[in-house]
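What follows is a short report on a single structure.
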Amino acid sequence: MKLNNVILVPTDFSDVCHNAIAHAVRIAETIGFKVYIYHVINKDTQAFFADDVELNAAVGQKLINIADEFKLQYSVEIETGYEEGSIFDLIHKKAEEVGANIIVLGTHGKVGMQKLFGSYALKVITQSKVPTLVVQKKGYVGFNRILFPINTFTEARQKVTNAIALASRFNSTVHIYKEKVSDPAESSRIEIISKQIIEAFKKAKVKYEVDVTEKGGESAKKLTEYAVSHNMDLIMIVTEPQMGTSYFNLGPWNERIMFNEAQIPVICINPVEHGRIYFDL
């Protein structure tokens, strides 16, 4: 898959998707990318428009109006497109077609995401070949402070390339977040991974800090509370299930982070086997 410096933003024309477009446009303006706004026509599309309109024309004009709105405010190249079919199938197809480096999804949280994407909500994220940025209602504030949780999964190190790319482009500080664990072997492995990540950041001249929290309490809640109290702008996670430590596991943990109540944007990185594609900035 060839990457073309494009940010793909699916929209159902809701306010939260409009916010996702705003995020994409602001990011694109900062790093010189293009934005592609995309709508998949399905049973909900007709309900959005009046029954007497010609649906394709209405969708096309709506997308053009949205693009024009942002072009008036920002110096960004914006394209639009629409197709009829399955959101799950077409979003990934469109990402490959336009050479998207990243997908930006807007959601009201887990319930809102399920409403927008149906039963394929998490599959849209976890089966993407490129990173997915999940945003809620909170407006764009930049990526000055990036929270980088690490665990004993080898896949945690796959976030390094993305963290370096983001930090280099946005002059960010990456906060390596380590939760204390009681198991000596697990603790030793986390330390080894931490050292490897730190060396990579040093080599890339990325600003970083190491934050160690005490064990105790529900992990996802603790991480979110930490992100809020330390004014984090972005959380980076690996989304693919793997066997291993319970401290940063898939499923409930990932979902609680993706759809956190603080509405901090979350960038979701999938394992290498899903495409060996990174947020190549």
Side-chain angles (χ1 to χ4, degrees), residues 1-12 17-41 59-60 62-64 66-68 70-71 74-107 116-117 120-135 140 143 155 158-170 172 204 234 236-240 265-281:
M1 176 179 173
K2 181 182 178 182
L3 302 180
N4 293 322
N5 294 346
V6 175
I7 302 174
L8 177 66
V9 195
T11 181
D12 64 354
C17 285
H18 194 273
N19 188 43
I21 297 169
H23 274 76
V25 170
R26 295 285 298 277
I27 294 168
E29 186 177 54
T30 301
I31 62 179
F33 275 29
K34 298 179 289 186
V35 173
Y36 194 101
I37 306 171
Y38 182 59
H39 178 77
V40 177
I41 298 175
V59 169
K62 179 69 172 177
L63 290 168
I64 290 172
I66 294 171
D68 288 345
F70 284 100
K71 286 178 182 178
Y74 305 100
S75 300
V76 175
E77 182 179 344
I78 302 175
E79 296 184 17
T80 64
Y82 61 89
E83 293 176 272
E84 183 175 356
S86 163
I87 290 172
F88 174 60
D89 294 331
L90 291 180
I91 287 177
H92 300 314
K93 179 181 177 182
K94 180 57 66 175
E96 292 199 28
E97 180 183 311
V98 303
N101 298 60
I102 185 171
I103 298 171
V104 180
L105 294 178
T107 173
L116 177 60
F117 292 113
Y120 293 118
L122 294 178
K123 287 186 179 181
V124 171
I125 297 171
T126 59
Q127 295 194 15
S128 174
K129 293 182 179 180
V130 296
T132 303
L133 178 65
V134 179
V135 303
Y140 178 79
F143 301 135
E155 285 77 7
Q158 295 179 30
K159 294 185 294 184
V160 172
T161 299
N162 297 273
I164 290 173
L166 280 169
S168 298
R169 287 285 189 171
F170 292 90
S172 313
L234 179 70
M236 300 188 72
I237 65 172
V238 171
T239 56
E240 177 70 7
V266 177
I267 190 164
C268 309
I269 312 300
N270 288 326
V272 167
E273 58 263 33
H274 271 317
R276 301 180 182 272
I277 301 285
Y278 296 101
F279 189 8
D280 186 6
L281 300 179

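- Atom-to-atom distance recorded for Ile102:CD1 and Leu3:CG is 11.5 Å, nearest 0.5 angstrom.
- Scored by the side-chain contact (heavy atoms from CB on, under 4.5 Å) test, Glu84 finds Ile41 as partners (sequence neighbours excluded).
- A distance of 9.0 Å separates OG1 in Thr30 from CZ in Phe143, rounded to the nearest 0.5 Å.
- In this view, Asp89 and Ser86 satisfy the side-chain contact (heavy atoms from CB on, under 4.5 Å) rule, not counting sequence neighbours.
- Residues passing the side-chain contact (heavy atoms from CB on, under 4.5 Å) test with Ala28 are Ile7, Phe33, Val35, Val76, sequence neighbours excluded.
- In terms of heavy-atom proximity, Ala100 sits nearest to Val130 at O-CG1, 3.3 Å.
- The residue from His92, Glu97, Glu96 that alone fulfils the side-chain hydrogen bond (donor to acceptor under 3.5 Å, both in side chains) condition with Lys94 is Glu97.
- Shown here is Lys93, whose NZ atom has no more than 12 heavy atoms of other residues, nucleotides or ligands within 6.0 Å.
- Every residue two or more places apart in sequence or in another chain that forms a side chain to side chain donor-acceptor pair (under 3.5 Å) with Glu83 is listed here: Tyr38.
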Just list the side-chain donor-acceptor pairs under 3.5 Å for residues 17-27, sequence neighbours left out, or say none.
from	atom 1	to	atom 2	distance (Å)
His18	NE2	Glu69	OE1	3.1
His18	NE2	Glu69	OE2	3.1
Asn19	ND2	Gln136	O	2.6
Asn19	ND2	Lys137	O	3.4
Asn19	ND2	Lys138	O	2.9
His23	ND1	Asn19	O	3.0

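- The heavy-atom pair separating Asn5 from Asn101 by the smallest distance is N-OD1, 2.8 Å.
- The nearest pair of heavy atoms linking Met236 to Ile267 is CG-CG2, 3.3 Å.
- Take Lys62 and apply the side-chain contact (heavy atoms from CB on, under 4.5 Å) test, not counting sequence neighbours, and it matches Phe13, Phe48, Phe49, Ile66.
- For Glu29 (side chain) and Ser75 (main-chain N/O), a donor-acceptor pair under 3.5 Å exists by modelled atom type.
- Contact record, Pro131 with Asn162: CG-OD1, 3.5 Å, taken as the closest heavy-atom pair.
- Remark: Leu63 CG to Ile78 CD1 distance equals 11.5 Å, nearest 0.5 Å.
- Taking CG of Leu8 as the start and OG1 of Thr132 as the end, the distance is 9.5 Å to the nearest 0.5 Å.
- What you find for Leu133 and Pro265 is that their closest heavy atoms are CD1-CB, 4.0 Å.
- Distance check: Cys268 SG to Ile103 CD1 gives 10.5 Å after rounding to the nearest 0.5 Å.
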